[in-house]
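Given the structure is predicted, the values throughout are model-derived calculations rather than measurements. Just so you know, these numbers use all the heavy atoms, side chains as well, and skip hydrogens, waters and symmetry mates. For reference, positions follow the sequence shown, starting with 1.
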Amino acid sequence: MTLTAAVIALLGAFLLLAGGYLTWLGGSWFYLACGAGLLLAACGIYQRRNWGRLVYLGVLVLTLIWAVIETGFSWWPMASRLGLLIVLGLWLVSPWMERHFQAAATARLRLNYGLAGVVVAVGLITFASTLKSTAIVTGVVADTVNPSADLGPEMPVGEWHAYGGNNYGQRYSPLAQITTDNVQHLAVAWQIQTGDVRLETDVTETTYEATPLKVGDTLYLCTPHNWAMALNADTGETRWKFVPNVGVDQQRQHQTCRGLALYQPASVTEGQCQQQLFLPTSDAKLYALDAQTGELCTDFAERGQLDLLHNMPFQQSGYYYSTSPPLVVGDTVIVAGAVNDNYDINSPSGVIRAYHAKTGQLLWNWDSGHPFDTSPLDPNDPSQTYAVSSPNSWAVASADEQLGLAYFSMGNRTPDQLGSYRNESEEKYASSVVALDIKTGEAKWVQQFVHHDLWDMDTPSQPSLLDLDTAEGKQPALVVPTKQGDVYVLNRETGAPILPITEHPAPKGLMVQDEFTAETQPASALTFNPPELTESDMWGGTLIDQLLCRIQFKQLNYQGRYTPPSEQGTIVYPGNFGVFNWGSVAVDPKRQIMFGMPLRLAFISRMVHKDNLDHSTEFNTGEQGVNFNQGADYAVELKPFLSPLGVPCQQPPWGTIAAADLVTGKTIYQYVNGSVRDLTPLPLDFEMGVPGIGGPIITAGNLAFLAATVENSFKAYDLVSGEVLWKTRLPAGGQATPMTYLNSQGEQMVVLVVGGHGSIGTQAGDYVIAYKLKP
C-alpha cells in the first residue's frame, strides 16, 4: 500500500511541478491539475481510505474526457495519455489492493466492483479508438487508362536500363503477369548475399540503396563500398565482381551507391567495350566497366578511371563524391555529386560535368556558382577551378533526349543553415530543379522550391517525366517531390507550372547575426505538407515524456513551416529528413497518377556561436549532431525532435502511402503505413505509420511495390485503392527502391536489395532477393 501510494505521489508531484512550468510557458494547465489530483489521491490511498481511490478514478475519467477532446478519439494519442493511468488504476482495484482498504467486506467489494467497472470502461473506450480508420484521405483511382502513353526511351521488353527504369525516371513497368488477383502467390525465387557488409569503422550512414539494372540475361548492381556486381537474372549467381577498394574515410557523410549507369554505344571498334557500365565511387572516381566481364574499359579517361576531383577548388578527402548513378544520354555521360553538408565553407564545387562516354573527354561544365560559361576547364591545369562550395545535385537525374534537356534536382550551398556566403547565382539555383541543354550544358530554365534556403531543404528526388492531358491540351510534364512535401508538376520544355504555384508569407523572428529570411515561400497546388504542429500534437510513450515534449515545444522557436534557424533552437517541420527524399515517387503514365510514401517527422535545428561552443563538444561527421561549419561564425546542431524515451515528440502517423491525380492535383487516397514490429521488443504488428526512406515502383498489373519503412517488410499495394495485398518479412532493412523484369523463361520477377540503412537504424545485411509467382 505504501509503495503504491508513493508511486502515485511521485507521478503526481512530477506532473504538478512540470505541469506548472508548462502552464507558466503558456501551455496546457491540465497536467498541473492532474498532478494535484494524483497527490490528493495518494494521500487517501496511503491512509487506506476509499475516497483516495475515488479521487484517482475521478482523475482517470477527467483525463479520458480531456484526451478525447484533444485527440479526436485516436488510438495512439489516447494511449500515451491514458495508458499509465489505466495500468495504475487496474492495480488499485485488483484483489491484492482491495482488501487493504478500510470498510466492511461487503461494502468494500461492492465499491471495488464499481471502481473496477470504471477503470475497465475507460480502458475499453481507449482501446475502442483502435477501430478508427487509418485513412487520412479516402478514394480510389479512376478507371481511365491511356494505352498509348509515352513510357520513355524504348528498351527490350522485360528489361530495366536505368535507376528509374529509363531516363524518364517513371519507376513504371509495363509488365502485368503479377496482378492484384495473384500477387498473394509471390514467393522467393532466389536470394544471395553480396559479401559487402557494414564495418565497425564505417560512417553511420553506410547504407544499401541500390536499384539493379537488367540488361539481357544479367542484373547489375552496386554495394555500399562501391563494388559492382553482375548476377545471373534467373538464379542470382555471381558472374563477375569489381572491387575498387575505396577504403574507409570518416570524413564521408555517406557510404552508399544507388546504382550503375548503362552506356550502349551505337557502334564500337575492335577492342572497345560493347556495353559499358559507369560506377561512381565514394572516393570521387568514375569507373567505366565492360558489362560482359567487369574489366575496365581502358579507352575511357585514364585506362577506365576518371578522377572527379579535377579542377576542384578544395579537395579535402571525403568531402565530395557521387552517391547516385550518372546520367547517360547518347554518347554523353553527365556526372553530378554530393558535397558534405556543414563541414567547411571552403568545400569542393557542386559542378555538373558532361564527358564523352567513350573517351572521358570533358565536354562542358555547368557550375551553379558561375552558371553562364559552360566551356570546359582544362583538367590538366590546376589554376582553373570551379566555384567554391556551390550548390550541388546529389539526387538521380532524368533526361528527355527529344527535347535535348537533362533535369537535375539541386541542393544548397554549404553551410546549409547560413545564407550570407551565397552569391546571386547560388541563390537562384539552390533548392530547385534545373533543365540543362544536353549538348552545351546551358541552363534553359530553373524553378526554385525554397527561397534563401536555411533548412537544408535540398531537392532530393529524381524528376519523373510523363505527358499529361490538361485543359490546355497534352503537355510534356515533369513531376518532382520535395522535402517540404510539395509535389511540383511543371512543363518540362519551358519550366512553366502545370499545377499552380503560389507564394505565401514566410515566418520572421529569431535569427542569427547578419542573416535574413525570404519574404515569401512557394507552394504547389499538389502537396503533402502536414498540418502545422500544435501543443496538443505532442506525443510520447507515456504521460510523462509527452509532458516533457510539450515543454520542449513551448521552449523552442516554431512559427510553422520555414521558421528561421535560431540559437534558441528551431523546430523544422517538415524536417530536413523530408516528406520525400531520394526514393522519390513512381508515376503511372497511363493513368497520369503518382504513388509515394509521404513522411511526417519534425527535426530541431540549433545554431551555436563558436564563442559559445563547449570545448568538450564532439563534432559529428554525419548529418545529425553538431556540425562544425569550419570558417563560419556558427556551428549547427541537428537532431530529430524526440522525447526522453527516444520516440518522436509529435504524435503518429509518421509514415503514410498516397496516390494523387497529376492532372487535377488532388490527393486520391492517403493511408497510415508501417507497423511497429521492428521498433519494439515484442513482434507487435500495430499499424502506426512508421518512417523510412526508399522508393516505390508501379506495374501495369495495377500494383505498387514498396519496402522502405523501418518495418522489415516488403509490400505490394493495390494501386487503385491503396490496400495492402501482399506482405513478406525481410532479413534486414529494405531501404532501396525495387525493380521488376522478365527472366529467360518469360516469368516476371521483382527484386529488392536488402541491406539496411545506417541513419534510421534498420537491421544491416547484404541481401539481394528476387520474387516470382509460385508455379
Side-chain angles (χ1 to χ4, degrees), residues 161-163 167 213 215 220 222 226-228 242-246 257 259-313 315 320-338 348-367 373-386 392-393 396-397 399 401 406 408 436-441:
H161 282 190
Y163 177 85
N167 281 344
L213 309 181
V215 186
Y220 300 100
C222 57
N226 306 128
W227 301 2
F242 175 80
V243 180
N245 295 316
V246 297
C257 181
L260 305 169
L262 174 68
Y263 170 49
Q264 301 188 96
S267 62
V268 294
T269 59
E270 187 176 351
Q272 290 184 323
C273 296
Q274 300 290 317
Q275 290 179 324
Q276 198 163 293
L277 297 168
F278 287 105
L279 168 69
T281 62
S282 52
D283 59 350
K285 303 291 194 303
L286 181 68
Y287 290 92
L289 305 176
D290 188 323
Q292 299 303 312
T293 66
E295 300 293 328
L296 291 170
C297 296
T298 55
D299 290 338
F300 180 79
E302 296 295 323
R303 300 193 61 78
Q305 175 180 312
L306 177 64
D307 186 351
L308 295 173
L309 290 179
H310 72 79
N311 301 104
M312 286 295 182
Q315 300 187 12
Y320 175 89
Y321 39 86
S322 293
T323 52
S324 294
L327 178 68
V328 177
V329 187
D331 290 328
T332 302
V333 55
I334 308 175
V335 186
S349 170
V351 62
I352 298 170
R353 292 170 285 191
Y355 302 90
H356 195 286
K358 283 187 178 180
T359 67
Q361 177 190 353
L362 182 63
L363 303 176
W364 53 258
N365 32 237
W366 182 79
D367 188 340
D373 184 3
T374 63
S375 55
L377 301 190
D378 182 354
N380 298 311
D381 184 353
S383 68
Q384 298 183 30
T385 58
Y386 301 115
N392 61 91
S393 178
V396 183
E401 192 167 3
F408 289 86
L436 302 182
D437 188 297
I438 293 170
K439 291 183 178 179
T440 67

Side chain [X], main chain [Y], donor-acceptor under 3.5 Å:
X      : Y      : result
Ser322 : Ala336 : yes
Gln276 : Ala288 : no
Asn226 : Ser282 : yes
Arg353 : Leu308 : yes
Gln292 : Gln274 : no

I would like to know whether Trp364 and Leu436 meet side-chain contact (heavy atoms from CB on, under 4.5 Å); could you show each step before the answer?
CA-CA 11 Å; Trp364 53 258; Leu436 302 182; 4.1 Å; yes
Hey, does Leu213 have a side-chain heavy atom less than 4.5 Å from the side chain of His161?
no
Just so I know, are the side chains of Phe408 and Ile334 near enough to count as touching, which here means a heavy-atom distance under 4.5 Å?
yes
Which heavy-atom pair separates [X] from [Y] by the least distance, and what is that distance?
X      : Y      : answer
Asn167 : Val328 : ND2-O, 2.9 Å
Asn365 : Pro376 : OD1-CA, 3.3 Å
Pro280 : Ser324 : CG-O, 3.7 Å
Tyr287 : Pro244 : CE1-CB, 3.8 Å
Asp307 : Ala284 : OD1-O, 3.6 Å
Ala357 : Val333 : CA-CG1, 4.0 Å

What's the separation between atom [atom1] in [X] and atom [atom2] in [Y], rounded to the nearest 0.5 Å?
X      : Y      : atom1 : atom2 : result
Leu262 : Gln275 : CG    : CD    : 6.0 Å
Leu363 : Tyr355 : CG    : OH    : 9.5 Å
Asn311 : Leu377 : CG    : CG    : 5.0 Å
Phe278 : Leu286 : CZ    : CG    : 6.0 Å
Lys358 : Ser267 : NZ    : OG    : 4.0 Å
Trp366 : Asp437 : CH2   : CG    : 13.0 Å

Out of the candidates Thr293, Thr298, Asp290, only one should pair with Cys273 under the side-chain contact (heavy atoms from CB on, under 4.5 Å) rule; please name it.
Asp290
Check step by step if side-chain contact (heavy atoms from CB on, under 4.5 Å) holds for Leu279 and Cys257.
CA-CA 9 Å; Leu279 168 69; Cys257 181; 4.2 Å; yes
Between His310 and Tyr386, is a side-chain contact (heavy atoms from CB on, under 4.5 Å) present by the stated rule, with each step listed?
CA-CA 9 Å; His310 72 79; Tyr386 301 115; 3.9 Å; yes
Over 12 foreign heavy atoms within 6.0 Å of CD, Glu401
no
Under the side-chain contact (heavy atoms from CB on, under 4.5 Å) rule, what do Leu296 and Leu289 come out as? Steps first, then yes or no, please.
CA-CA 5 Å; Leu296 291 170; Leu289 305 176; 3.7 Å; yes
